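Worksheet: the structure to be examined is printed underneath.
Please read all numbers here as calculations on a predicted model, not as lab measurements. Labels below follow one simple rule: chain letters A, B, ... track the order of the sequence lines, proteins then strands, and each chain is numbered from 1.
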Amino acid sequence: MSVLSEMLRNLFSKPVTTRYPAERVPIPDGFRGRVGCADDRCIGCSKCSLVCPASAITMVDSPRMVEFKGRTLERKKRPSIALYQCIRCGLCERHCPADAIHLRNGQSINGSTLDEVVTCTL
Amino acid sequence: MTVSNRTFSGRLMTWARGKSPWVTIFNSGGCNACDIEIIACLMPRFDVERFGILSRGSPRHADILIVTGAVTRQQAPRLRRVWEQMPEPKYVIAVGACAAGGGVFQGLYHMVGSVDQVIPVDVFVAGCPPRPDEIINAVVTCLGLMAEDAVHGGRAWRTKATSEAVAEAIA
Amino acid sequence: MTDPFLLIAYILLFPGFLFLFAYSMTFEFLDRRIVARMQNRVGPPFFQPFADLVKTLGKEVIDPRGVDRPIFDAAPVVALAAVMTSFLYVPIIGPSPLAFQGDLVLVLYLLTLPTLALMLLGWLSRNIYAAVGGIRAVTMLFIYEVPFFLALMMPTLMAGTWSISDIMAWQEEHLCLAILQPIAFIVALIGLQAKLERTPFDIPEAETEIVAGPWTELTGRRLALMHLANETSAVVGSALIAAVFLGGLAFPWTVESAILSATVGFLLFLAKTVAILLVLSIIRAATARVRLDQLNTIGWKYLTMAALAQVGIVLVMMASGVGI
Amino acid sequence: MTRIVVPIGPQHPALKEPVNFRVVTDGERIVDLELNLSYSHRGIEKAAEQRDFIRVLPLIERVCGICSHSHATVFSKGIEEIMGVEIPPRAQYIRTIIAELERMHSHMLWLGVAAHEVGFNTLFMWTWRDREAVLDTLEELSGNRVHYNMNEIGGVRLDLSPSQVEAALARMPVLEERIRAYVGMVEDEETMLTRFRGVGSLSREEALSFGAVGPTARASGVDYDVRKDDPYLVYDEIPWNVVTDTNGDVYGRTKVRIGEIAESLGIVRHCLENLPGGPIRAEAPKAAPPGEILSRYEAPRGEVAHFIRTNGTARVERVDIRTPTLANWTSVAHCLIGRPLADVPVIVAAIDPCLSCTSRITLVKSGGDLGKDAPPPNGPRGWSR
């Protein structure tokens, strides 16, 4: 009876449960979690908004001078990301020419209203 | 079924509601991913029975309805009916990007859209799919809302507070 | 015990309703915790069954369209009342003050009432799952009740009395009946598992087949009372088996002080019932649900036959004077 | 006894996904069955025609949450063949690793669900506990537990670092031991065997005539596996075996799936140990030339096929998805007739149904009426909070 023996073994050993939230669950380095955009690096090219499959990213007006490949250029817009829409595919990160937008290995959000928007958090 | 927070029995009831949230899971037309992550919460690794959470088959026994996935046209009446079958006080958690706003499926011809177009939602969870620990966070948020609602005597205060805030913003 | 105040205390406080209530909560906690630990997880905290009960009591009560409300309300109360009444006749420390010749039969029949109430609820719910579950519950009753009754009647054959307290006293003079009649003891344990509708026999409330069976449409206090009836009958069933089959396992030394002896007796009662619960929990965790036709085979072909064989063995033993 | 109709689904504890069976029973015995599948029909095929190859892959991946990599791989495989792009060997190996890890997690998930359907929750808990090790590996390799998003046209998105490979290999011995434990449990847990043996029997001829695929067919002795019969990725280079069984019932399907977990583990280990160097993606053109292709792939549940037609733009003109669950439904209906009601969850679960995959088409019983339970034809307009 392998079931019975394993049951009794479990009964007298420590459970495998991670006592979240008291204990943290390890999140690996490459985890695609909450999305964020570095405002000082974004050149406002709209590429992320074009590739986003969930239409989570819209471009909003935010004129500013940014450094890009050694040149200083004036950008007109920056992305505004509806956090609840994000499907964590990482396409924006993959296609960003300026390495500005990233999915960081952190937990995402929950709440009662849907208007949580990320503009610049890095 | 609102209870007064001043009497002993009322406080006992509030305590019991916070300690024993039974859930029922409803897939309103999603891709399964959120469902298996929710079931993963019930499993030894996360074991939400520590918080008294049990998964019940009958919506009549449930306190929290966990909805996953974007709502399809065929599932929308079902979702509404399941929600109506639940006894008060009832809460709804919409899990995943699809439930919150349609996610990758928004605008398709057979989609109604987000869950809150069909039933009132108390907590949204972001992610596609959210990790189990994020789902546990959402349940904790929902339990916090339950406790606050007990103080205010029902969930009406939240919609009122929102509309007041909107009115102030306009003025 | 003729003092009416003592009698009322016996019925209401200890070891009557209050104790039964508290112990059934503990029992459910232990059951869930043991199963959870076997499944390698933490399990619910100690107050969990109590919180569940209080919360369910405070939920909205929904009447499905077209139900007969008075009966729908009454059935859970009847079930709970039957189980609580039966507990008064089960000896906890010493013999029950209400004991009479034939109380074993009374207890067994009172324990059948929750199943009948469940059938009634299922039939009245006007829900297809509940109706199927109700029919299943009653079909199952006809299968497990025969070996269960046969097994529990065996001690009366040997002890020559129909009173649970007398059977207990007989075991103290002779041997523990679990040793004298091992087959009957095992059959009674399996029958109790079926009576409580726990996993290999949870056919009426098979979650993956018929949602929650007769429980499907129960809400609020109906659900809470029905659940409490189920939990208390677990306690009564274990206490009954402990009294009838494990009565001889008393403390080997006589203790002088009456209070001390009562405490020892009480601790023994707890130990016996928890041991029975442990066995039931292991069965629950280690098995899959059987089908109704398979239960039919198990019940009639094996359990009833085993119980009948035990009758033969007991008769032979009595004729040859072994164990008496 | 009069006939009663037991509706199962769309919201039912045995089915995590929406489907509706109207099971007509005579007492406990099933005499007829009506199926309504498309509760989670979303219109993915139509949407796929409107998105370019970059944005369509996350959509295709979300056809199904359990076999997400299968759909993404079979789609990008088809597009790459039309484009004439050969993906580098390292990308092929990485795709194979993810595919086989996905098969392992899917089969473990199935084993747990099948145990749950017969009320054996302990095995349910244990398999899902051990499945977490596979999910952790997937999360470390790809960055998400469920939707890996590893594919792109021309290769894979993420490279595996040596430390990742080492960590993944370190988890293998534990899983190997657990698979051995499952074999033991399935062999000697009596109550579970009584529920699995002889239930849902499908002979070899029936399996062939109903067009069953995947573990359902292989349990009936049909030696058919796309990985062997029409090899793709690196399956023709690495050592592995097709697992078949002759029981043909749920027990046989359980044995096949447990055998496949062990085979997948071997494949993953082999690929991780022999991972070639080089680039992880080839340059793919933006648009695909006009063409048609039927791309096939062995998903955990069986053969999944994507018919793709391109027209020289960066979008597909038509994509038609045919999933294994759809191929297996007919055999389910055949198995159910005459069985007791209690066998419905087991038999349905035995093919590992994936309804979000299958909700491509609507099945309408010819001549039959949909009954009063049929949903209204239009949406829930007019509802307010």
So which atom in [X] and which in [Y] form the shortest heavy-atom distance, rounded to 0.1 Å?
X: B/Ile36; Y: D/Trp128; answer: O-CZ3, 3.5 Å
X: B/Tyr109; Y: D/His41; answer: OH-NE2, 2.8 Å
X: B/Ala40; Y: D/Glu132; answer: CB-OE2, 3.8 Å
X: B/Asn32; Y: D/Cys354; answer: ND2-SG, 3.9 Å
X: D/Ala47; Y: B/Leu108; answer: CB-CD2, 3.2 Å

Is there a side-chain contact between [X] and [Y] in this structure, where contact means two heavy atoms from C-beta onward sitting under 4.5 Å apart?
X: D/Phe124; Y: B/Met43; value: yes
X: B/Pro129; Y: D/Arg145; value: no
X: B/Cys34; Y: D/Val146; value: no

Using non-hydrogen atoms only, which part of [X] is less than 4.5 Å away from chain D: side chain, backbone, both, or neither?
X: B/Thr24; result: side chain
X: B/Leu42; result: backbone
X: B/Cys98; result: neither

Measure distances from [X] to the heavy atoms of chain B and classify the residue's part below 4.5 Å as side chain, backbone, both or neither.
X: D/Asp130; result: neither
X: D/Glu139; result: side chain
X: D/Arg51; result: side chain

Worksheet item: Quick one: which of B/Arg73, B/His110, B/Met111 gives a side chain to side chain contact (heavy atoms under 4.5 Å, CB included) with D/Arg42?
Response: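 Among B/Arg73, B/His110, B/Met111, the one meeting side chain to side chain contact (heavy atoms under 4.5 Å, CB included) with D/Arg42 is B/Met111.
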Item to complete: Kindly indicate, with the supporting measurements, whether the criterion side-chain contact (heavy atoms from CB on, under 4.5 Å) is fulfilled by D/Leu135 and B/Arg45.
Response: CA-CA 12 Å; D/Leu135 285 187; B/Arg45 173 93 177 272; over 6 Å; no
Worksheet item: Is it true that atom NZ of B/Lys19 has more than 12 heavy atoms of other residues, nucleotides or ligands lying nearer than 6.0 Å?
Response: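 Counting other residues, nucleotides and ligands, NZ of B/Lys19 stays at 12 neighbours or fewer.
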